[in-house]
There are 4 protein chains.
Amino acid sequence: MKDNKVLSSVKDEELIRKRRDQMIKGALTLFKEKGFHRTTTREIAKESGFSIGTLYEYIRTKEDVLYLVCDSIHGEVKKRLEVVVERNQASTENLGNVITSFFHLMDEMQEEILILYQEVKSLSKETRSAILQKEREMATMLEKAITASLPNALPKQDITLLANNIMIQGHMWGFRRWMLQKEFTLEQYIQKQLQFAFSALRINKVK
Amino acid sequence: MKDNKVLSSVKDEELIRKRRDQMIKGALTLFKEKGFHRTTTREIAKESGFSIGTLYEYIRTKEDVLYLVCDSIHGEVKKRLEVVVERNQASTENLGNVITSFFHLMDEMQEEILILYQEVKSLSKETRSAILQKEREMATMLEKAITASLPNALPKQDITLLANNIMIQGHMWGFRRWMLQKEFTLEQYIQKQLQFAFSALRINKVK
Amino acid sequence: MKDNKVLSSVKDEELIRKRRDQMIKGALTLFKEKGFHRTTTREIAKESGFSIGTLYEYIRTKEDVLYLVCDSIHGEVKKRLEVVVERNQASTENLGNVITSFFHLMDEMQEEILILYQEVKSLSKETRSAILQKEREMATMLEKAITASLPNALPKQDITLLANNIMIQGHMWGFRRWMLQKEFTLEQYIQKQLQFAFSALRINKVK
Amino acid sequence: MKDNKVLSSVKDEELIRKRRDQMIKGALTLFKEKGFHRTTTREIAKESGFSIGTLYEYIRTKEDVLYLVCDSIHGEVKKRLEVVVERNQASTENLGNVITSFFHLMDEMQEEILILYQEVKSLSKETRSAILQKEREMATMLEKAITASLPNALPKQDITLLANNIMIQGHMWGFRRWMLQKEFTLEQYIQKQLQFAFSALRINKVK
DNA sequence: CATGAATGAGGGTTCATTCAT
DNA sequence: TATGAATGAACCCTCATTCAT
């Protein structure tokens, strides 16, 4: 269950969910602006719409907030990725669709992805590995979508790597925006990367 | 000239160079361990082998240390990349060599690259763009090496993107090590990525 | 309203008043002893009876404390001066009473006056002029008392100057105590200065 | 002998005099600008035209600089006051001249006088009393000039007080300039104060 | 004598966290 | 449950003073 890692002294589960949603929303806004370290707990409380005392009723340390935020980002990505994957039946054309949708998703979540890249290291070892686990699940989802879309089998390693490449190409669009978004529109970027991906698969030969 | 952005109250240029090298070395060690924000200036001074007072003879703010460290990392990458590029004459085989060497370089500098990804955001706007400029130069170097190694011309955008892809695939080896280095040895990783890269090139060639 | 220049992160106005009173009392004691610059914020907090963290809940900078202290001194002087002035109806004899009371007041507030002379310069330009404004008001009060006590009109400049002279003669009793208080008792001092003042007035009358 | 309170590790007396003159000049400039506490020893050294190391060859602590500056101010005042006093023979008219010249002197040395008022408290007890002794000498000089100028004897206390009054009226012209110099020209101020002073004398005469 | 690099105690200020109300 | 005042460890940075060259 989501959030079960973070202890709260409040009993009402429904309330916990509500308050944490406020909290995540507020903290996310601030983290995007100034990063985790430069954001104070007071600011988080204020942005979330309650007092510092209340904040600490729902978390135990500032790091908990970061965990909740990272976890929430992953949750969001996963949720939307699932929709994408499930909407597309297994077929080569649909691989293109999946990847395209994924890139669009990454475009929309640029800043969230950035936070993951920059702040996960501030989590404690245990919490960090919980987050990295989510990352792995994401890669696995992409892998599955690719496998399902391929006409014939490919070595597992090839697929793993391809999924990884595509994933970070999606991330790259965001965290290297100062470089890429000057030279490409999103559509151009997607098209080129698809071309590269397909040529790797040798699918293009056929085409 | 390197480091000319950071003011020092010491006049002896030679000494400045020496002390800053100590400083960068010390700070780098600590940043790898605990990140910029969790490292204190006193720790940096101690790790560098001098007192807090002396540290501040060579910089003005803690951020200056981060700048010097980032700048130094880029300097190191550039220096070593230049050697690699110059050693290889233009030819398709040598493109392989260049990329291979680049991946090896990224493997050796994993932790430094991580710092760039995670801490550059802590620099002030001004300083940050100075660092991003270095990043751009690096990409350009890779682009040139690729162009030089290709038998026939490719659209500029293709090369730019290819260079970017290869660059972050190099970075990814480090910052997604928890994922990749469990499934691939460095050599396997390089070989697969080369395969992908070459297939991308071949397709384009034909086209 | 008093103190409205200094921001506090505490909301309870009553509490702010209470804590600031503690603070002003504590700081005043220390400033008398060692001056503003030689007093640390930690010492102020301790002397005020709370922690350094709490101190900073009620001010933003150390300079704020100085402002509050100076402002409070002026407030005290003004309050007591008003009582004096109002107690005496307009008449020449009562001018003597007013001046006498003023000198007594200055005797009692010697050390506070010294602080004004020595530390106001440490205030920022803005804040300093707010304090000097209070100084002006004080002079004006004296002027009015004098004017009201005079049987016939005098040139405005004469009154202004006389008021100034009396005011600094009151201050002088404190900040030149090492000189004056060896040669005069307070009563002697007052009597002599009154004599001088009245002779100045008589002369002008005749003229 | 001047300066004999402050130890120097340099032997050459001539050099000591020269360096200290540079030092006093430099420090005075800075103290006028920002006060003693806000001025650093490094700044003093720089403004004086030599290194921080050299500065410490001629003094032992920062406080020594303040002492030298205060002492030098008193020396300057005394020197110029002596000229004034000696130039005027004993006579009531000349009393006017002496006072007028004194006010002019205070006008020219406004900022130096301010430093005395504000910074003497930062001297150690011993040093401070040495400076206050100078202050007393100054008052005595004025007293003598007054006594010499009077046609017939006055009680000592009256003269002491009159001298003190005139002295601080001179000071006041400087440190209450924000008040007085808006309402009076120097000449007006002098004339009014003379008028007051003479009326005081006449009254006493009669008595 | 002159220099300026080195030192580190100490200062002002912040902020995560607690707890009485 | 919610509040926000209170706490104090810890941070960044300064600057008077020393001492080797």
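- Here E:dG12 presents its C1' atom at 12 Å from CG of C:D64, a figure rounded to the nearest Å.
- In this structure, NZ of C:K18 is placed 11 Å from C1' of F:dA5, rounded to the nearest angstrom.
- Contact check on C:E14 versus C:R17 returns a salt bridge, with a Lys/Arg side-chain nitrogen under 4.0 Å from an Asp/Glu carboxylate oxygen.
- Phosphate contact (OP1/OP2 of E:dA2, side-chain N/O of D:S51, threshold under 4.0 Å): absent.
- The side chain to side chain contact (heavy atoms under 4.5 Å, CB included) with C:S122 is formed by just one residue from the set D:R38, D:K34, D:H37, D:Q118; it is D:R38.
- Shortest non-hydrogen contact noted between C:T127 and C:S124 is OG1-OG, 2.7 Å.
- Under the 3.5 Å distance criterion, the side-chain polar atoms of D:D21 are left unmatched by any main-chain donor or acceptor of D:K18.
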Exercise. Run the numbers on D:R20 and D:S8 for side chain to side chain contact (heavy atoms under 4.5 Å, CB included), then give the verdict.
Key: CA-CA 10 Å; D:R20 287 196 177 161; D:S8 162; 3.5 Å; yes

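- Rounded to whole angstrom, the span from the CG atom of B:L66 across to the C1' atom of F:dC12 amounts to 15 Å.
- Scanning all heavy atoms of the two residues, the minimum distance from A:T41 to A:L55 falls at O-CD2, 3.6 Å.
- Summarising the geometry, the separation between CD1 on C:I44 and C1' on E:dG11 is reported as 12 Å, rounded to the nearest angstrom.
- Side-chain contact of D:E57 with D:S9: a donor-acceptor pair under 3.5 Å is present, judged by distance alone.
- Using a 4.0 Å cut-off between charged side-chain N and carboxylate O, A:E47 and A:K25 make no salt bridge.
- Per the geometry, CD belonging to D:Q22 stands 14 Å off P belonging to E:dC1, to the nearest Å.
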Quiz item: Under a cut-off of 3.5 Å for both distances of each Watson-Crick or G-U pair, what dot-bracket string does DNA chain E give, using [ ] for crossing pairs and | for inter-strand pairs?
Solution: .||||||||||||||||||||

Practice problem: Assign a letter to each nucleotide of nucleotides 16-21 of chain F from its 5' end: B, base within under 4.0 Å of a protein heavy atom; S, sugar-phosphate only; -, no contact. | Solution: BBB---

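- To the nearest angstrom, C1' of F:dT7 lies 12 Å from CZ of C:R19.
- Rounded to an integer number of Å, the gap from B:F50 CZ to E:dG4 P is 20 Å.
- Nearer the 5' end of DNA chain E, as judged by each residue's closest nucleotide, is the contact made by B:L55, out of B:L55 and C:R38.
- Across the protein-nucleic acid pair, D:K46 atom NZ and F:dC15 atom P stand 14 Å apart, rounded to whole Å.
- Seen from the ring of D:F36, D:K121 does not count as a face-on cation partner, given the 6.0 Å and 45° thresholds.
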